[in-house]
Structure formats: C-alpha cells, structure tokens
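Below is one structure; the comments refer to it alone.
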2 protein chains.
Amino acid sequence: MKKQSIDHAQLLVLSLLAGEDMYGYQIIVELARRSDHTFEMKEGTLYPVLHGLERAGAVEAYQQEAPTGRMRKYYHITRKGTELLKTEEESWRSYSGAVNAVLRSSIGGLTLA
Amino acid sequence: MKKQSIDHAQLLVLSLLAGEDMYGYQIIVELARRSDHTFEMKEGTLYPVLHGLERAGAVEAYQQEAPTGRMRKYYHITRKGTELLKTEEESWRSYSGAVNAVLRSSIGGLTLA
DNA sequence: TAGTTTACCTAGACATTCTAGGTATGTCAA
DNA sequence: TTGACATACCTAGAATGTCTAGGTAAACTA
C-alpha cells in the first residue's frame, strides 16, 4: 500500500545534500534559510536522520577541518541516496498533489457565497 | 514556533466536511476517490480524528437513517471548524511551499548533467 | 572571563498513524 | 439459506517520526 505520510526530514536532508556536501549544523541553518524559516529542524530530529541515512548507505560521512580549526562531520550523498531522493521526491509530488486535489474538490462548500 | 508538520488527516477530513455533511465510512471512500487512491485512510485513523474534532467543537454529529434502514452517524462542520480549516489550509500552503522551495533550490546538484 | 555561537550527540516524551482486532447489519451469489 | 462480502461503527496497543531537554566541548566576542 502507498505510504500515507512523508518522512519529510529525510526528504529535505537528502535534497540539500544533493546540492553539495554539508555538515549537520549547516543543514539546519541552510534549511531555515531556503524555507524562509518555515523549517527550523531540531538537532534531535536531524542527527538521528543522518545516522539512519548513513546506516542505509544513502550518505557517507567524513571529517574535515574548518578554517576555524574545528572538526566538522560532512555528509556526502551516494548513488543509493540519489535513487532514494528520486523516489521520495516522487512520493512528495504525488502526496501534495493529492492533498491539493482534495482541497480543491471542496471549495464549492467553502466561500463561494 | 511554527508547526513543523501537518496533521494531514484532520485537514483532509475538515476539507471534505466543508463541502457537505458526511458519515465516517463515506469520508474514507470519498477521500480515496478524490485523491485518485493516494489516500486510503484507515478507520483506526479516521474515527479518533472525528471524535477529536467533535470534542474540539469543530464538528457536530447526528444520526440519520440510510435508505437501507441502517443508522449512519453524520458529521457537520461548525463555524469553529471552518475557522480551523482556514488556518490549516494556510499551514499546508506554507508547508508545501517551503518543501517545494527547498527541492527547487537543490536542483542544480541533481540532473543538470 | 562570561556569554553566545558553533558543533556534535542521545534518551525519553509526545503526537500521529497503522495494525489488528471487535461488533453488527445488509446484500448477493451459490 | 447460508456463507461471503460490503457497509458501518469502534478501540487498544504498536510503530513511526519529531521534539524536548539534556550533555559535551571548542571558538568567538564583549
């Protein structure tokens, strides 16, 4: 049966990583920026998602020193992750399309008055 | 802080009821039909949602006999429910717009090749 | 040097949806 | 007429996804 809900955190993270390698903190900041602060993903949400994606082979992690001297843990999307992203994007399109279809179908009862 | 996810069952149910009064089973069937079977809401999801909406004063229930002689429990959306629907629709638009914005922003890394 | 930001992490709580069951009536085919 | 299927309502408990609320530590900044 079709999935009824979207694992939206996973979709968004994969989508960002498809653009460029990022580290956790950066993902949170970028997500807020690109969504005009609609998404303010919590660390308690993000890190488990990243670790899950890593376990699933969708991303790979590597350490890299920041200009500041601190170590950062960057994530790189794999081919497997790109496939996963494609199917999740498709799920999202189908899901959001269906919601919009239902909303449109009820407009008659709303404010045609 | 803004809600990070949509209570999609509630939004969809309210949206249907904004069009016309419906009974539970009908909501499930209509939802499947109007979403081209993307949504196949389970009874275990629907009934708790309906009861919650009733407790919240967003819908009112009444019994009515079907042509078959069976009793059906119809739900009617209240003014309060219509307000709720408006805010949830707005949440949905903002949420789906944000997802699309993030997806678009990463296209560069995807398949421009 | 104290506070804020950066940067990583986890356990447990909470919310939403599903699974899997229950009850009962109506319809239709074998 | 009986057995299967659709209709129609319901709930308890499991599973899933996200958040709260903590911990650790380095770097910047006032």
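In what follows, every heavy atom counts, from backbone to side chain, and hydrogens, waters and symmetry copies are set aside. Naming convention: chains lettered A, B, ... in sequence-line order (proteins, then strands); numbering from 1 in each chain.
Linking ILVMFWY side-chain heavy atoms closer than 4.5 Å, directly or via other members, places A:L53 and A:Y23 in two distinct hydrophobic clusters. No continuous path of ILVMFWY side-chain contacts below 4.5 Å connects A:Y25 to A:L16, so the two sit in separate hydrophobic clusters.
In this structure, A:I27 places its CD1 atom 11 Å from P of C:dC9, rounding to the nearest Å. As a whole-Å value, the separation of B:Y25 OH from D:dC10 C1' is 15 Å. Atoms CZ (A:F39) and P (D:dG17) sit 16 Å apart, rounded to a whole Å. For the pair B:L50 CG and D:dC9 P, the interatomic distance rounds to 9 Å; values are reported in whole Å. Note: CG (A:L31) to P (D:dT18) measures 12 Å, nearest angstrom. Atom P of nucleotide C:dC9 and atom NZ of A:K42 are separated by 18 Å, given to the nearest angstrom. Look at CE on B:M71: it is 15 Å from C1' on C:dG26, rounded to the nearest Å. Atom P of nucleotide C:dT5 and atom CD1 of A:I28 are separated by 15 Å, given to the nearest angstrom.
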Using nucleotides 21-30 of chain D, report all nitrogen or oxygen pairs with the protein that are shorter than 3.5 Å.
from: D:dA26; atom 1: N3; to: A:R70; atom 2: NH1; distance (Å): 3.1

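B:S96 and A:S96 are not linked by any side-chain donor-acceptor pair at a separation below 3.5 angstrom, with hydrogens and angles left out of the test.
Between A:Y74 and A:Y62, the ring planes lie parallel to each other; the angle is under 30°, not in the 30° to 60° tilted range.
A close approach under 4.0 Å does not occur between any side-chain nitrogen or oxygen of A:H51 and OP1 or OP2 of C:dC8. When the side-chain nitrogen and oxygen atoms of A:K73 are compared with OP1 and OP2 of C:dC9, one or more of them lie within a distance under 4.0 Å. Residue A:H8 places at least one side-chain N or O under 4.0 Å from the OP1 or OP2 atom of D:dT18. Dashed line: the shortest gap from a side-chain N or O of A:Y23 to OP1 or OP2 of C:dA7 is under 4.0 Å.
Two residues are said to be in side-chain contact when any heavy atoms from C-beta on lie closer than 4.5 Å; B:I27 and B:L50 meet this criterion.
Put simply, the side chain of A:S106 never gets that close to the backbone of B:A18: no donor and acceptor are under 3.5 Å apart.
Ranking D:dT11, C:dC8, C:dT10 by closeness to the B:Y47 side chain, first place goes to D:dT11. Of the candidate nucleotides C:dT17, C:dC8, D:dT11, C:dC8 has the atom lying nearest to any side-chain atom of A:R72.
The distance from the CG atom of B:L14 to the OG1 atom of B:T87 is 9.0 Å, given to the nearest 0.5 Å.
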